[in-house]
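For reference, the structure is listed below as structure tokens.
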Amino acid sequence: PYSIYGDMASAEVRAFILLALCCCQGSECYTDKEEVVLWMNTVGPYHNRQETYKYFSLPFCVGTKKTISHYHETLGEALQGVELEFSGLDIKFKDEVMQTTYCEIELDKAKRDAFVYAIKNHYWYQMYIDDLPIWGIVGEADENGEDHYLWTYKKLEIGFNGNRIVDVNLTSEGKVKLVPNTRIAMSYSVKWKKSDVKFEDRFDKYLDPSFFQHRIHWFSIFNSFMMVIFLVGLVSMILMRTLRKDYARYSKEEEMDDMDRDLGDEYGWKQVHGDVFRPSSHPMIFSSLIGSGCQIFSVSFIVIVVAMIEDLYTERGSMLSTAIFVYAATSPVNGYFGGSLYAKQGGRRWIKQMFIGAFLIPAMVCGTAFFINFIAMYYHASRAIPFGTMVAVCCICLFVILPLNLVGTILGRNLSGQPNFPCRVNAVPRPIPEKKCWKWKCIVCLFCRYFIFTSFWAYKIYYVYGFMMLVLVILCIVTVCVTIVCTYFLLNAEDYRWQWTSFLSAASTAVYVYMYSFYYYFFKTKMYGLFQTSFYFGYMAVFSTSLGIMCGAVGYVGTSAFVRKIYTNVKID
């Protein structure tokens, strides 16, 4: 609702104002003297932005203006720990305020200790004006660390373009020494200035323009792209030449009579044609992993495309809310690929497989989140998920994800659940030779993991979603190429257990990424304590596992197409 001030007796004026408000398309438009709300969000240590608490968990005082109620507008806000509380400061559009005291803090020993602890841990706070974030430091210590000072004066400078706010800056002044049993006056001022910044460009100053100024970023992305082209060309050339020789050898063997063929030295991937399409071990778990991986890939692709079209970073929690919505909407993808693969492998307990596939990722994410939530509740952090949000997430899983997954499973079983393999499966499994190809697999997988590692962690991708899409494409191409090479070596050694090998070879990306998270934690951050450690490693484990499942599914799908192709082109007696 918009509060409009002034004498508007004329119907034409009211119609004009309503038209102007409608033209804002959901954003905040103001009239002169209209109230502008300053929301206080969270406070926490600078070196760990994930550990946040309510702003008024520190003994700050509130302004005299009446409190405005707030509720979480989106699920993403609640999950990200957004805790907007009204500051109580009286701010009106284009109405300048000279330095004014809005409250006083009775600084007893307990309050002083709270402020001292916050200053020692480099606490900073976040505020919002018209959805524009503002950050400020609680205080600072002297060089010896003995005396601590609190910033008491918030100097706000707000830029406007027409009837919209396009820029907000905060300057902290009024450094006051923390002495017990004293009164500290908190003050603020507001200055308005005209700005040439367009409303749609007002978030540009929060981005990192230096990303495009360093040539190393462009060189890295170009180098990575050229390496992918080189890798694809190399793998294609080697496999095509090798397969051409294999086809020629197999064709020559077919022209021999039975005695010469028996005396010949038969070896290679053709010898396992009767077992290569044999169902994998643990087909229920395997099918569920493949279905979940395909869904994660779909979610990643769609969310990145949406983020490239819409500036999701301009709204609180919009990225997380979009990801949750897309994940729920793409549940049929999980059911379709998982259900069809399970049917092709002869599985009959398809309802159980459907439940496992539907709740595999949600159970992992929710289980980790709920565990961390107990620690956040113990620390009274804003990251603690409210009970209502937990109920909402459970309802999404039960009443959205599960039914859509069931629809996808039924479609997958009926449309592509028939085992239309190019080779029939032998009744008796062929014994597997003792030859091992693990050395080849380790060498090739090491290259893949190193390449993905450097590609993933080398760029800042917070808002450059085009680069993120390119990294995703590079990741998929390299993963498929490497798993195809590994599978060829495996089959050439007459080992037909390629399904799990292709999945685990690609999924080993997760191990490498998680190993890097340890290095990043100990050498690149200053996190400490139970809450920060559990939060970091818990969600890094979720991210790494999800990445591994996605890469494993991509690797298996590409390898499956390769295996089907080579056995289709070989004449089988």
Side-chain angles (χ1 to χ4, degrees), residues 38-64 67 80-89 99-128 133-156 169-189 372 374-384 521-522 524-536:
L38 174 64
W39 295 110
M40 313 306 294
N41 186 20
T42 54
V43 64
Y46 173 79
H47 298 296
N48 180 23
R49 301 184 183 182
Q50 308 301 329
E51 182 182 352
T52 56
Y53 306 92
K54 293 182 180 181
Y55 175 81
F56 290 108
S57 62
L58 287 180
F60 288 112
C61 55
V62 188
T64 57
T67 302
Q80 288 186 340
V82 176
E83 292 285 350
L84 299 188
E85 297 177 287
F86 183 49
S87 61
L89 301 186
Q99 183 174 359
T100 304
T101 300
Y102 62 88
C103 68
E104 290 186 348
I105 301 175
E106 294 284 349
L107 192 66
D108 54 18
K109 186 178 184 305
K111 292 181 180 179
R112 179 189 180 277
D113 292 342
F115 279 124
V116 168
Y117 177 84
I119 294 172
K120 285 182 177 179
N121 290 273
H122 308 284
Y123 271 40
W124 67 339
Y125 55 87
Q126 185 183 50
M127 308 181 294
Y128 283 99
I134 319 165
W135 294 275
I137 301 296
V138 173
E140 65 177 27
D142 60 4
E143 296 180 356
N144 299 325
E146 297 179 355
D147 296 328
H148 300 83
Y149 299 88
L150 181 70
W151 295 110
T152 61
Y153 176 28
K154 294 179 175 64
K155 188 176 181 180
L156 293 169
N169 292 299
L170 171 67
T171 303
S172 297
E173 297 180 359
K175 187 167 64 173
V176 176
K177 184 178 179 180
L178 294 175
V179 179
N181 302 320
T182 57
R183 298 173 64 90
I184 298 180
M186 305 296 292
S187 59
Y188 79 107
S189 66
I372 297 175
F374 286 116
I375 301 177
M377 293 172 62
Y378 174 78
Y379 279 87
H380 302 286
S382 63
R383 287 283 178 173
Y521 179 84
F522 289 107
K524 298 294 183 179
T525 71
K526 296 182 180 179
M527 298 183 185
Y528 63 92
L530 176 62
F531 178 77
Q532 298 181 15
T533 304
S534 60
F535 190 95
Y536 176 83

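The chain is numbered in sequence order, starting from 1. Every heavy atom of this structure was used, including side-chain atoms; hydrogens, water molecules and symmetry mates were not.
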- prompt: What do the steps show when you test I137 against S172 for side chain to side chain contact (heavy atoms under 4.5 Å, CB included), and what is the final call?
  reply: CA-CA 8 Å; I137 301 296; S172 297; 5.7 Å; no
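The neighbour count for Y46 OH, taken as heavy atoms of other residues, nucleotides or ligands under 6.0 Å away, does not exceed 12. Heavy-atom neighbours of F374 CZ from other residues, nucleotides or ligands within 6.0 Å: at or below the threshold of 12. Atom NZ of K111 is surrounded by more than 12 heavy atoms from other residues, nucleotides or ligands within 6.0 Å.
Contact check for L530 versus Y378: no side-chain heavy atoms found under the 4.5 Å cut-off. No side-chain heavy atom of W135 sits under 4.5 Å from any side-chain heavy atom of L170.
Shown here for A141 and I119, the closest heavy-atom pair between the two residues is N-CG2, 3.9 Å. Listed here is the closest heavy atom pair of A384 and M377: CB-CG, 3.7 Å.
Aromatic ring orientation, Y123 versus Y53: parallel (interplanar angle below 30°, classes split at 30° and 60°). Using cut-offs of 30° and 60° for the angle between ring planes, the Y55 and F60 rings count as parallel.
The main-chain N or O of L38 is found under 3.5 Å from a side-chain atom of S87 such that the two form a donor-acceptor pair. At least one donor-acceptor pair under 3.5 Å links the side chain of R112 to the backbone N or O of L178. For S534 (side chain) and F531 (main-chain N/O), a donor-acceptor pair under 3.5 Å exists by modelled atom type. S382 places a side-chain N or O within donor-acceptor distance of the main-chain N or O of T52, the cut-off being under 3.5 Å. The backbone N or O of G174 sits less than 3.5 Å from a side-chain atom of T152, completing a donor-acceptor pair.
With sequence neighbours excluded, no residue forms a salt bridge (charged side-chain N to carboxylate O under 4.0 Å, His left out) with D108.
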